[in-house]
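Everything on this sheet refers to the single structure shown next.
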Amino acid sequence: MPDPTSLPAAAGLAATPDAIVIGAGPGGLAAAAALRQHGVRPLVLERAEQLGASWRGHYDRLHLHTTRRLSALPGLRIPRAYGRWVGRDDVVRYLEQYAEHHSLDITTGITVDRVERGDAGWELPATGGRVLGSPVVVVATGFNHAPHIPDWPGRDTFPGELLHASSYRNAAPYAGRDVLVVGVGNTGAEIAVDLVEGGAGRVRLAVRTPPHIMRRSTAGWPAQASGILVRRLPPRLVDRVAPYIERMSVPDLSAYGLPRPENGLYARVLDGAIPVQDVGLIDAVQSRKVEPVAAVERFEGDQVHLADGSQAAPEVVIAATGYRRGLEGLVGHLGVLDGRGRPVAHGSRTPPGAPGLFFTGFTNPISGMFREMAIDAGRIARAASRISR
Ligand SMILES: Cc1cc2nc3c(=O)[nH]c(=O)nc-3n(C[C@H](O)[C@H](O)[C@H](O)COP(=O)(O)OP(=O)(O)OC[C@H]3O[C@@H](n4cnc5c(N)ncnc54)[C@H](O)[C@@H]3O)c2cc1C
């Protein structure tokens with residue numbers, strides 16, 4: 001990869017690439033590859049020292065919940081040797097192979113601070129006072145950009161260890177310890193299971209809204225494939241049918257403190273909550289190795305107060321409480337974000353008054369983000385090739 005210092009300096013915008021992609025995760029790499037396939041020369045800027053930084057930082061046992069075949073990015077299959085559910089290290093290996101296969105021009109160690117309107121279309125002040133320009137910019141800085149821990153009252157009085165799930169690697173540091181995992185999305189559910197298997201002394205799982213739980217695969221049919229089919233159906237129909245399927249495939253865990261959800265599966269997806277794919281949670285709850293408890297309300301010293309009035313005194317709290325998009329500083333001043341900080345347009349559409357400014361990876365679809373980013377990449381490239389011509 002080129003040395004960042006070889007980038008064109010503020011005065012030297014002559015080397016303006018046809019397009020600049022911000023972020024070398026799967027979304028940015030897919031967009032860059034598709035742009036190249038459409039004859040557009042993209043430069044990818046990545047703030048970390050290596051591409052695929054988010055995946056390098058995920059916990060050790062993580063595997064894609066989406067299948068190898070349905071997670072491939074445009075123009076390169078994921079090797080069969082990586083298995084049906086690709087592990088974290090193989091995802092990173094695939095991203096490296098992908099960048100090499102498509103001869104992508106990636107500069108690492110460069111943070112783009114802001115996207116500004118400029119003579120070349122867009123100007124990007126970046127690390128070290130450099131300014132780069134291009135008529136096309138693809139923002140691919142990640143849905144899971146900035147770890148978020150709720151501002152629980154009394155949080156700072158907790159004498160134990162409080163960390164975000166993004167800092168969790170494996171169970172080793174928690175062997176024999178009393179741990180409260182907060183949040184039952186896919187990450188919280190899997191970390192709770194990992195802690196049990198890794199010998200934590202006690203594992204509780206704080207649940208605000210009971211999740212929809214799906215088997216990752218039933219008789220060989222992946223849950224992701226159902227997710228893809230479901231996207232074509234009216235949400236109300238899905239919400240009427242889903243409870244029957246859930247009852248057939250997932251046992252009732254109410255007696256263990258995890259009731260069935262009251263709101264519809266698709267209604268929750270539209271609200272941003274993807275169903276939890278079971279990678280051991282059901283067994284762990286049924287064997288009472290993971291104890292569901294009520295949501296966290298506040299901290300008071302070593303006591304964590306829960307929404308049902310009970311208290312817990314864990315040694316460690318792991319907040320699997322999600323991420324923020326973190327787009328405000330980058331593009332907030334352009335009026336291209338909605339009230340939740342998400343881009344008002346994504347894929348091939350650009351926000352009103354912002355031609356050439358594309359976003360990828362800012363939705364959380366039930367059909368799998370790798371798959372959607374792969375589809376968006378082609379659409380963005382087609383639209384961008386019309387601009388940079
Ligand atoms: C634990 C976990 C498991 C997941 N499992 C799956 C799965 O099984 N299947 C699936 O389809 N999806 C999954 N996803 C969702 C999604 O596919 C991944 O989050 C994926 O990494 C998103 O790709 P991305 O390129 O949009 O963002 P990222 O991978 O986060 O990449 C964004 C890149 O942009 C860089 N960057 C950020 N800001 C700047 C800046 N200002 N300047 C320069 N560079 C910047 C970052 O360093 C990073 O490298 C999972 C997500 C998580 C958190």
Side-chain angles (χ1 to χ4, degrees), residues 57-59 143-171 173-196 198-213 253-263 267-269 271-276 281 284-285 288-326 328 339-342 364:
H58 287 324
Y59 49 91
F143 187 87
N144 300 302
H145 181 85
H148 170 72
I149 300 183
D151 197 11
W152 290 302
R155 196 177 96 171
D156 297 341
T157 67
F158 181 60
E161 194 182 335
L162 170 62
L163 65 147
H164 188 269
S166 59
S167 305
Y168 179 90
R169 292 290 164 273
N170 55 55
Y174 310 105
R177 299 173 76 187
D178 184 337
V179 187
L180 174 66
V181 179
V182 186
V184 65
N186 276 296
T187 297
E190 186 159 17
I191 288 177
V193 171
D194 197 43
L195 286 163
V196 166
R202 182 174 188 184
V203 180
R204 280 172 282 190
L205 182 57
V207 180
R208 190 177 52 187
T209 313
H212 289 274
I213 303 176
L253 300 172
S254 312
Y256 304 93
L258 200 56
R260 292 203 189 272
E262 285 170 8
N263 43 9
R268 294 214 49 206
V269 169
D271 208 31
I274 293 294
V276 170
L281 181 70
V285 168
R288 300 198 190 275
K289 290 178 180 155
V290 168
E291 306 165 47
V293 296
V296 169
E297 292 235 303
R298 63 190 170 89
F299 288 71
E300 203 175 306
D302 64 354
Q303 296 296 314
V304 183
H305 292 256
L306 306 175
D308 62 357
S310 65
Q311 292 176 27
E315 296 167 85
V316 182
V317 174
I318 301 177
T321 43
Y323 296 79
R324 293 288 183 262
R325 292 349 111 208
E328 289 79 3
R340 296 162 80 190
R342 299 185 189 198
N364 196 12

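Computed over heavy atoms, backbone and side chain alike; hydrogens, waters and symmetry mates excluded.
A 4.5 Å side-chain heavy-atom check between T321 and H164 finds at least one atom pair inside the cut-off. With contacts defined as side-chain heavy-atom distances shorter than 4.5 Å, the pair P292/V285 qualifies. Residues V179 and P314 fail the side-chain proximity criterion, which asks for heavy atoms closer than 4.5 Å. A 4.5 Å side-chain heavy-atom check between L258 and P211 finds at least one atom pair inside the cut-off.
Summarising the geometry, atom CD belonging to E297 is positioned 10.0 Å from atom OG belonging to S310; distances are rounded to the nearest 0.5 Å. Considering NE2 of H58 and OG1 of T187, their distance stands at 7.5 Å, rounded to 0.5 Å. The structure places CZ of R342 at 7.5 Å from CG of N364, a figure rounded to the nearest 0.5 Å. Atom CD1 in I149 sits 7.0 Å away from atom CG in L163 (nearest 0.5 Å). Once rounded to the nearest 0.5 Å, the distance linking CH2 of W152 with CZ of F158 reads 10.0 Å. Of the inter-residue distances, the one linking N263 atom CG with T209 atom OG1 reads 7.0 Å to the nearest 0.5 angstrom.
Looking only at distances, no side-chain donor or acceptor of R298 sits under 3.5 Å from a matching main-chain atom of R155. At distances below 3.5 Å, at least one donor-acceptor pair connects side-chain atoms of R325 with backbone N or O atoms of Y323. Using a distance-only test at 3.5 Å, with no hydrogens or angles considered, no donor-acceptor pair links the side chain of H212 to the main chain of V269. For the pair E315 (side chain) and D178 (backbone), a donor-acceptor distance under 3.5 Å is present. With Y256 contributing its side chain and P259 its backbone, the two residues share no donor-acceptor pair below 3.5 Å.
Taking all atoms of both residues into account, the shortest heavy-atom contact from D271 to R340 is O-NH2, 3.5 Å. The two residues G188 and A320 come nearest to each other via the heavy atoms CA-CB, 3.5 Å. Contact record, G198 with A171: CA-CB, 3.6 Å, taken as the closest heavy-atom pair.
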Start with the C-alpha gap between K289 and V193, add the side-chain angles, then the distance that decides, and say whether side chain to side chain contact (heavy atoms under 4.5 Å, CB included) holds.
CA-CA 8 Å; K289 290 178 180 155; V193 171; over 6 Å; no

Under the criterion side chain to side chain contact (heavy atoms under 4.5 Å, CB included), I'd like the reasoning laid out for V182 against V207: C-alpha separation, chi angles, the key distance, then a yes or no.
CA-CA 7 Å; V182 186; V207 180; over 6 Å; no

Pair Y168, D194 - check side chain to side chain contact (heavy atoms under 4.5 Å, CB included), show working.
CA-CA 11 Å; Y168 179 90; D194 197 43; 2.8 Å; yes

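With L205 as the partner, the side chain to side chain contact (heavy atoms under 4.5 Å, CB included) test is satisfied by one option alone out of L281, V293, L180: L281.
A 6.0 Å sphere centred on CZ of R208 holds no more than 12 heavy atoms belonging to other residues, nucleotides or ligands.
For the 3.5 Å distance criterion, the side chains of H148 and R324 qualify, holding a donor opposite an acceptor.
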